[in-house]
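All remarks here apply to the structure that follows.
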There are 2 protein chains.
Amino acid sequence: MSLVNLKVIRKTPCELCPLRPLPHFREFTPDELEFVSHFKKSEVSVEAGQIILMEGAQSAHLFTVLAGWGFRYKMLEDGRRQILNYVMPGDLIGLQGSLTGEMQHSIEALSPVTLCVFEKKELSTLYRGYPDLAFDLTWIAAREERMLDENLLSIGRRSALERAAYLLAMLAQRASVLDLFRSGRCVIPITQQHLADTLGLSIVHTNKTLRKLSDKGMIRWAERSCEILDQRGLEDIAGWKGVGEGKRPFI
Amino acid sequence: MSLVNLKVIRKTPCELCPLRPLPHFREFTPDELEFVSHFKKSEVSVEAGQIILMEGAQSAHLFTVLAGWGFRYKMLEDGRRQILNYVMPGDLIGLQGSLTGEMQHSIEALSPVTLCVFEKKELSTLYRGYPDLAFDLTWIAAREERMLDENLLSIGRRSALERAAYLLAMLAQRASVLDLFRSGRCVIPITQQHLADTLGLSIVHTNKTLRKLSDKGMIRWAERSCEILDQRGLEDIAGWKGVGEGKRPFI
DNA sequence: CGGAAAATTGATAATTGTCAATCGTCGTGG
DNA sequence: CCACGACGATTGACAATTATCAATTTTCCG
């Protein structure tokens, strides 16, 4: 079981979900909202550094991130790690494992994370009774696919500097539509080791690459996290124009 | 419109689908089979080298590959190309574009390809009336996600030799469960430029890397395609044990 | 005030890319 | 039938990028 280190806490009613009011997410019908409210079984919190889902596990649950940052990754037998994508509030995790039986990747918390807990076995109820939500689930899977396509393009064909710029710009953009930067400062809770394992670079070369971005005044490191000072500049280096996602479903 | 160069040909009835009898695919109920039969509007064929779907297009259709090989890719503005994945019989293409409105990647035929044509706007009928098929669609999207995860791990963390071995072993495995190698010989219709653009390597280095695999007697180039002679050997080099997929849905 | 984890740096090595040819195959037109 | 051109495969020399090694230094946290 993969929930060993999770702490169950009280459940925020879906009607009061802090994410739903964001203009970024699609509206629910009252009917859907009620279903999801029942679909959500509880809420758990995880500390930074803990593993939320482990490759090979057969979890009975899936989760939506309510708060905090995490990352999905895979490892080779000799320990090399590749971070596949990051998860942040509104992201559904564990769907892949729920469908195909066994998790093919692991997920770890980057910061303290709060999760809504759903039961895998109730998915069939969702598919039978709520076709719009079922559609949303496919949409969500397709969105993840699109992000992976972008990452693959980046790792396969961009230089180290372009890659780093793309990654940071993308993270900043995803976070900003979630209104995650209340402080006005755009801070990503990540270490250089995480970035290296995402970019497919060594830690040393990652450091030297980030140094170039620092020298240009585009980012700054502090408190084991990265502050984005010039998102537009990063996008220019990457040759990437942020995706103007309209509304997006979530569960 | 993206169907400019497609040739419409007669429609093979789904009841006589040559793929369905394969042990690799899940069974349909008679009800589902009838729906899919109506869902399928026609059949088109595409020549090798032609583009099936273009990034940015808003296709009204989605397709299932009935025969032939193709590949999904993205390009940077300066022409650098990254192949994201390959498509082969049984694969659904265009789903991502159908959901999010616009294709985010292109798809090109590697060999002559035959496609079943479906209409995007009838997806809602599917979701409302056939929850099991809706579930399958999500499953299919999750499967693509899983393959991308593997590719990302490979490009990010494996050496050139390991990467090439992984890619060829993976393609051979996917093709073999489709019974694509009737001749007894496992031949992949691909050029070294395609492999290079998949592996994130230059064409020259790809050539030198493949040379090492040839020298070991694991592969052989002939007629602009790659014959796999020692699939197990490739898997060993890659440190990858083929996924033992059980039955898999398709539409 | 430690001690551990993260960030940084310089030197050197390994990997991979670029350039510039050459060769082979195959289809086409003379 | 052969010359020709296009495309793909191949090769060697050299350059650029990235990795590895081996410290330090800094920051964080108890």
### Query
Would you say B/Thr114's side chain and B/Ser45's backbone share a donor-acceptor pair under 3.5 angstrom?
no
### Query
Okay, side chain of A/Arg163, backbone of A/Leu199: is any donor-acceptor separation there less than 3.5 Å?
yes
### Task
Could you tell me the separation between the CG atom of B/Leu210 and the P atom of C/dT16, rounded to a whole number of Å?
13 Å
### Task
Give the rounded distance in Å between these two atoms: NE2 of B/His194 and C1' of D/dA9.
14 Å
### Query
To the nearest Å, how far apart are A/Asp197 CG and C/dA6 C1'?
14 Å
### Query
Between B/Phe71 and B/Tyr86, how do the two ring planes meet: parallel, tilted or perpendicular, split at 30° and 60°?
tilted
### Message
I need the residues from residues 213-228 of chain A with at least one non-hydrogen atom less than 4.0 Å from DNA chain C; give them sorted by number, or say none.
### Response
A/Trp221, A/Arg224
### Query
Do any side-chain nitrogens or oxygens of B/Asn207 fall under 4.0 Å of OP1 or OP2 in D/dT10?
yes
### Message
Using only atom types and a distance under 3.5 Å, with no angle test, would you say the side chain of B/Glu162 pairs donor to acceptor with the backbone of B/Ser159?
### Response
yes
## Note on the structure
Protein heavy-atom contacts under 4.0 Å, written 5' to 3' over nucleotides 12-26 of chain D as B (base), S (sugar-phosphate only) or - (none), form the string BB----BSBB-----
### Query
Just by modelled atom types, is the A/Asn85 backbone N or O under 3.5 Å from a matching donor or acceptor in the A/Asn151 side chain?
no
### Task
Say whether, by atom type as modelled, one donor and one acceptor occur between the side chain of A/His205 and the main chain of A/Ser202 under 3.5 angstrom.
no
### Message
Run B/Trp221 and B/Glu227 through side-chain contact (heavy atoms from CB on, under 4.5 Å) and show every step you take.
### Response
CA-CA 6 Å; B/Trp221 286 93; B/Glu227 178 174 4; over 6 Å; no
### Message
Check this one for me: any side-chain N or O of B/Gln192 less than 4.0 Å away from OP1 or OP2 of D/dT10?
### Response
yes
### Task
Mark yes or no for whether A/Gln96, through its side chain, and A/Met103, through its backbone, hold a donor-acceptor pair below 3.5 Å.
no
